Every structure is written in structure tokens, then in C-alpha cells.
Amino acid sequence: MKETTTTLLVIGGGPGGYVAAIRAARLGVPTLLVEAQALGGTCLNIGCIPSKALIHAADAFEQARGWAAGPAGNAGGHAAGRAGDHAGGHSALGIRVAAPTIDLAQTLRWKDGIVARLTGGVGALLRKAGVRVLHGWATLVDGKTAEVRDEAGEVQRIRCEHLLLATGSRAVELPGLPFGGAVISSTEALSPAALPQRLVVVGAGYIGLELGIAYRKLGAEVTVVEAAERVLPAWDAELTRPVRAALDHLGVVLHLQCSVQGLTTDGLGLRVRTATADEFALPADRVLVAAGRRPATEGWGLEGLQLEMAGRAVKIDDRCRTSMRNVWAIGDLTGEPMLAHRAMAQGEMVAELIAGQRRQWMPAAIPAICFTDPEVVAAGLSPDQAEAAGIDALHASFPFAANGRAMTIGSDAGFVRVVARRDNHLIVGWQAVGRAVSELAAAFSQSIEMGARLEDIAGTIHAHPTLGEAVQEAALRALGRALHV
Ligand code: FAD
Ligand code: NAD
């Protein structure tokens, strides 16, 4: 068997693993990365990027359908259009188009093109940095050795000083609804052979709502079944209210506080049980199970290392060290929040630690965005979380209804909210819901990370007309001196 030695062996080429490998190699650490599938991992191939591409295409199609709609209704009978665009079914913007159609195959080719450009870019960056990339499935032998089986079936043994585990996560499978046939995960939902007429989504979290809304805009009838009593149950209730309103407006049917029992015997529907134990069947051509993801801990010899675990995730400390010396873990494998930017930041930190730098994991905030329509973004603490943390906090919101830019992009629903300590006005959290608010995440995280106070944001000149003015106005309002409400 061929044997190779390296200083750092990275298992998994997702955003955690590839960033760690590039950074380490650039710092002079001999690095080898093993990836079984495509570079870029879940994020670039079957997650963040393709989902946002599909969401954008669906959004554009829905917008065009809204413009095409006549006074009596709209194409397909449910394209809701955007607030502010419509007047009696015609585009308020004065744009008239004939009923648009969508060539789904071309949409998917466009999406796949973006994925290919980005994954190709990752390969080039790794090569330029001097990372050796091995394509194959890694199996751990011990904390310093792995065997990698490549596509040709050849096995080689890699020995390392440092082992970085970055194997990511997998979609949770529900009992009674194994993946296969009509029951799909987000992976299949991102590359549909055809648009289902009726899609039932299980789970009203990130994936269920991002993709559920996209499918609805593309023309499918969408029904969402959620176990909790509201959509996006992990998010602040006030923040998710505009999302709920948009779902109703789009005609997405919701069944809350319901559990799923499995497919009907003819396989053409989903059996659902309500909180009062009534059962009914929902007709479905496809069932998208989006009930969470769990760390990918199986099938590669992890159990042999007997690492300490935190539930289903690998337990790490504030330097991403596991319970075994020189064995590190990052990204989804280490549990929540399972977000690409967290994995990348952890990867960068571990690379620098291995290169001898002093680093510690202590971000002031990890922003989270749900790319629904409207979008939802949160960084730091919500008012409830601040209270639970024993912080005497004040909070204030500014509505997009009073923001000129929001009106000019045809969407004045939603708001920005700031949370700050009452005593010294240190900002501890930001939340927003509305069209395009994902782009406010940078301002939110930066202000928290830099220890900004309400006065800093209130006293910064924000360009006009922008959504960012609502950020400044929220801070002004918290100080009791908002200008435009
Ligand atoms: P992964 O990206 O999962 O990469 C792990 C890699 O390891 C994989 O490529 C896998 O093939 C490889 N691997 C595993 N085991 C082995 C082995 N034994 N040998 C060799 N290779 C192996 N996050 C966001 O921040 N923003 C978003 O908008 C967003 N959207 C998402 C949309 C969807 C539909 C999904 C599913 C996820 C989304 N996420 C999003 C989450 C994001 O994709 C993950 O948090 C991120 O990819 C985690 O990175 P990672 O490096 O830990 O693991
Ligand atoms: P999620 O945790 O966001 O949502 C799962 C939802 O399913 C929850 O609302 C839960 O109550 C519900 N649920 C669980 N079991 C159920 C059942 N048996 N019946 C009905 N409902 C059930 O998980 P997800 O949407 O699958 O996404 C997985 C992870 O991927 C996310 O947690 C996130 O880390 C990542 N992700 C991030 C983004 C983003 O950053 N924009 C987008 C997509 C995915």
C-alpha cells in the first residue's frame, strides 16, 4: 500500500475543510486534503449556493408573472406579486409582459454553471496554495493515520501530525419516510427532473421555507407540515410574522403542530396527524423532508477514536480541539449552528493555531440569515435572549414602511430592530426582516464585533436612500430620537 506523510491531513473539502487547508498551506504547513465527492462540500454543491440560485430564479419568474397578470388575477392563479408592484392585477410599475414561461432545464443549467465556477475556483485556490488534494473516501485508522480509497479502488495510507475532521452533516431521515422515490431531501429538490404539481414539505425551518417558497413561485402547489406551533420556530416570533404573512399571501398551505406518519399505501400522499390525533392524507407528488441535519459521524471510522461527543456532534473546545491531542474538528460535524461562515471561520482559526499562532474562538456574533421572502437576519441577542442572559436591555424597531429605499424596491414590509444594554448602550443584537435585508448582516456583525454603542450607529452618516438608513433610525429610536417615525 502506498504511504504518504503530511503535517496536516484535512478530511472533507467543504467550506470548513477547504478554508483550513488553503490557510494552513499559505502559512507553510504541508497540507493534504481528502474529499470523497466534489470540492466545496454541501455548501457549494448541494446547499447555500444552488439554493440561492434557485431562489433567485423563482423570484424573477414570480415577478414576471406578477407583471403579466391581468386585472382578474394572475398567471397560474397564485403568483402573488410584490407589495407595491400591483394595482388591480396590473404591474403598478407600468411594466407589461406577456405571460412568461420557465425552461426549468435551462434554469438548472444556469445554477449548475454557478456551482461549477465556484467549485473550480476552490480547486484552483487549493492548487495555488500548494495543498495536495486526494479524491477518495477516507477511513480513520487512528488519530494520526487514515486510509483513502480513490475512485479506482486503490487504497493509500496517509500519516499526519495533525488531523482535522471536517466531514459536515447529512439530512435527517424521518421514521416512516426514508429518502427515495417521492421522498426527497434538499439535494434532490435542488435538481428536480420536473416541477412537481404538488409538493409537501416536512419542516418549516430554513430549508423547508427557503425551498418551499421557491417551488411555490415556480408554480407548484406547496403545503408545509411543521411539528411546532409556528413557522421558523427557532427564530424570534415577531421577526417571523412577516414571513408567515407572505406564505399566506403566496398561497402556501400550512399544517402546524402536526406530525407525519408516512406515505399513504398507494404512495400518492402523506399521512399527517394533528395535535388532537386526527389523521388525514395530503396528496403529494413529492415530499421534501427538511427536518434538520445531523453531523456526519458514521462510515469513516470516527468511533475508533473514541472522542468525547456532545450529543451527536464531536465535542470541541474554544480552539476546535477534540478530546484527542492534535485531532481537531470544525463545521457541521461539531453541531449547531450549522452554517458555512461558522465552518470557514473555524477552519481559518485551526490552520493558524497549527501554524503556531495564538487564536481562540470567541466571536461576538455569528449572523444567521433565512433566505425566505421576506428575508430574515439575526446577529447577536434578541430581546428575549438578552433577558434570559440576565442583561438589562432596551430595544427599538424601525419599520421599512418609513424607509424610502424599501418603497422603491417594491417592498415596505418588515423592520430593523436593535438590542442594547440599558446602562452603557453597548449593542448586543440586531434583527431584521424584509426584502434584501440579508445584506445588512455585515453591518450588524461588524457593529457588534467592534463593540459599537447606539450613539456610534446613530451618529454615523448612512447613505440615502438605502435600507441601511433603517439601521441608523433603529439606533436613533432606541435613544428616543428617531427622525422619520
Ligand atoms: P460540508 O460542507 O458538509 O463538507 C463536508 C465534506 O466532507 C463533503 O464534501 C463530504 O463529501 C466530505 N466527506 C465526508 N466524509 C468524508 C470522508 N470520510 N472522506 C472524504 N470526504 C468526506 N449555510 C449558510 O451559512 N448559508 C446558507 O445559505 C446555507 N444554505 C444551505 C442550504 C441547504 C439546502 C443546505 C443543505 C445547507 C445550507 N447551509 C447554509 C449549511 C452549509 O451548507 C453547511 O453549514 C456547510 O456546508 C458546512 O460546512 P462543512 O465544511 O462543515 O461541511
Ligand atoms: P431546521 O432545523 O432549520 O428546521 C427543521 C424544522 O423541521 C423545524 O422547524 C422542526 O420543528 C421541524 N421538524 C422536525 N421534525 C419534524 C417532523 N417529524 N415533522 C414536522 N416537522 C418537523 O432544519 P433544515 O431546514 O432541515 O436545515 C438544516 C440546517 O441547514 C439548518 O439548521 C441550518 O444549519 C442549515 N441551513 C442554513 C441555511 C441558511 O443559512 N440560510 C439554509 C438552509 C439550511
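Whatever order the structure lists them in is the order used to number ligands and atoms, beginning at 1. Computed from a prediction, not measured in an experiment: that's the story for all the values here.
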Mind jotting down which residue pairs meet the side-chain hydrogen bond (donor to acceptor under 3.5 Å, both in side chains) criterion with at least one end in residues 164-182? Sequence neighbours excluded, please. S169-R293, S169-D332
Identity and distance of the protein heavy atom lying nearest atom 31 (C) of ligand 2: Y206 CD1, 3.5 Å
How close does the nearest protein non-hydrogen atom get to atom 15 (N) of ligand 2, and which residue and atom is it? A291 CB, 3.6 Å
Close side-chain approach of N403 to D412, heavy-atom, < 4.5 Å: no
Counting from 1, what ligand 1 atoms have a heavy atom of M338 closer than 4.0 Å? 41 (C), 45 (O)
Using a strict 4.0 Å cut-off to heavy atoms of I369, name the atoms of ligand 2 that fall inside it. 39 (C), 40 (O), 41 (N)
Part of I46 within contact of ligand 1 (heavy atoms, under 4.0 Å): backbone
Working for side chain to side chain contact (heavy atoms under 4.5 Å, CB included), residues H255 and F280: CA-CA 11 Å; H255 293 285; F280 64 96; 3.6 Å; yes
If we number the atoms of ligand 1 from 1 as shown, the ones under 4.0 Å from a heavy atom of G136 are 19 (N), 20 (C)
Counting each atom of ligand 2 from 1 as listed, which ones have a heavy atom of G205 under 4.0 Å away? 3 (O), 4 (O), 6 (C), 9 (O), 25 (O)
Identify, for atom 33 (C) of ligand 1, the protein heavy atom at the shortest distance, and state residue, atom and that distance. G47 CA, 3.3 Å
Closest approach of any protein heavy atom to atom 30 (O) of ligand 2, naming residue and atom: R293 CD, 3.7 Å
Look at atom 15 (N) of ligand 1 and find which of T167, T297, L33 reaches it with the closest heavy atom. T167
How close does the nearest protein non-hydrogen atom get to atom 12 (C) of ligand 2, and which residue and atom is it? E226 OE1, 3.3 Å
Please work out whether any backbone atom (N, CA, C, O) or any side-chain heavy atom from C-beta onward of C43 is under 4.0 Å from ligand 1, and answer side chain, backbone, both or neither. both
Residue, atom and distance of the protein heavy atom nearest atom 44 (C) of ligand 1 read D332 OD2, 3.3 Å
What atoms in ligand 2 come closer than 4.0 Å to a heavy atom of V225? 20 (C), 21 (N)
Subset of ligand 1 atoms that lie under 4.0 Å from at least one heavy atom of A166: 5 (C), 6 (C), 7 (O)
Can I get a per-line list of side-chain donor-acceptor pairs under 3.5 Å for residues 148-155, giving both atom names and the distance, sequence neighbours left out?
from	atom 1	to	atom 2	distance (Å)
R149	NH1	G153	O	3.3
D150	OD1	A152	N	3.0
D150	OD1	G153	N	3.2
D150	OD1	E154	N	3.0

Within ligand 2, which atoms have a heavy atom of F371 less than 4.0 Å away? 41 (N)
For G16, take its heavy atoms, then give the atoms of ligand 1 lying under 4.0 Å from any of them. 51 (O)
May I ask you to identify the nearest protein heavy atom to atom 34 (O) of ligand 2, giving residue, atom name and distance to one decimal place in Å? M338 O, 2.6 Å
Can you sort out which atoms of ligand 1 are near G14, meaning under 4.0 Å from one of its heavy atoms? 2 (O), 4 (O), 6 (C), 51 (O)
Answer side chain, backbone, both or neither: which part of S186 comes under 4.0 Å from ligand 1, heavy atoms only. side chain
Applying a heavy-atom cut-off of 4.0 Å, say which part of A171 lies close to ligand 1: side chain, backbone, both or neither. neither
Do you see a donor-acceptor pair shorter than 3.5 Å between the side chains of T4 and Q156? yes
Tell me which protein heavy atom sits closest to atom 26 (O) of ligand 2, plus the residue, atom name and distance to 0.1 Å. G292 N, 2.8 Å
Tell me the protein heavy atom at minimum distance from atom 44 (C) of ligand 2, and give that distance in Å. I207 CG1, 3.4 Å
Check the orientation of H162 and W328. Use parallel for under 30°, tilted for 30 to 60°, and perpendicular for over 60°. tilted
Min over R230, E210, Q261 of heavy-atom distance to atom 42 (C) of ligand 2 lands on E210
Contacting atoms of ligand 2, where contact means under 4.0 angstrom from a heavy atom of L174: 18 (N)
Check for me whether P337 has a heavy atom closer than 4.0 Å to any atom of ligand 2. no
The answer for which part of R342 has a heavy atom under 4.0 Å from ligand 1 is neither
May I ask you to identify, for I207, whether its side chain, its backbone, both or neither come under 4.0 Å of ligand 1 on a heavy-atom basis? side chain
One residue to check: K52. Relative to ligand 1, which of side chain, backbone, both or neither has a non-hydrogen atom less than 4.0 Å away? side chain
Would you say P374 and F400 make side-chain contact, with heavy atoms under 4.5 Å? no
For atom 19 (N) of ligand 2, what is the closest protein heavy atom, and at what distance to 0.1 Å? V202 CG1, 3.7 Å
Check the side chains of T223 and E221 for a donor-acceptor pair under 3.5 angstrom, ignoring hydrogens and angles. no
Can you pull out the closest protein heavy atom to atom 29 (C) of ligand 1? Residue, atom name and distance to 0.1 Å, please. C48 SG, 3.2 Å
Have a look at ligand 1 and work out which part of S51, if any, has a heavy atom under 4.0 Å from it: side chain, backbone, both or neither. side chain
Check the side chains of D278 and T276 for a donor-acceptor pair under 3.5 angstrom, ignoring hydrogens and angles. yes
Closest to atom 53 (O) of ligand 1 among protein heavy atoms sits G168 CA, 3.2 Å
Find all atoms of ligand 1 within a distance of less than 4.0 Å from any non-hydrogen atom belonging to W300, and give their numbers and elements. 18 (N)
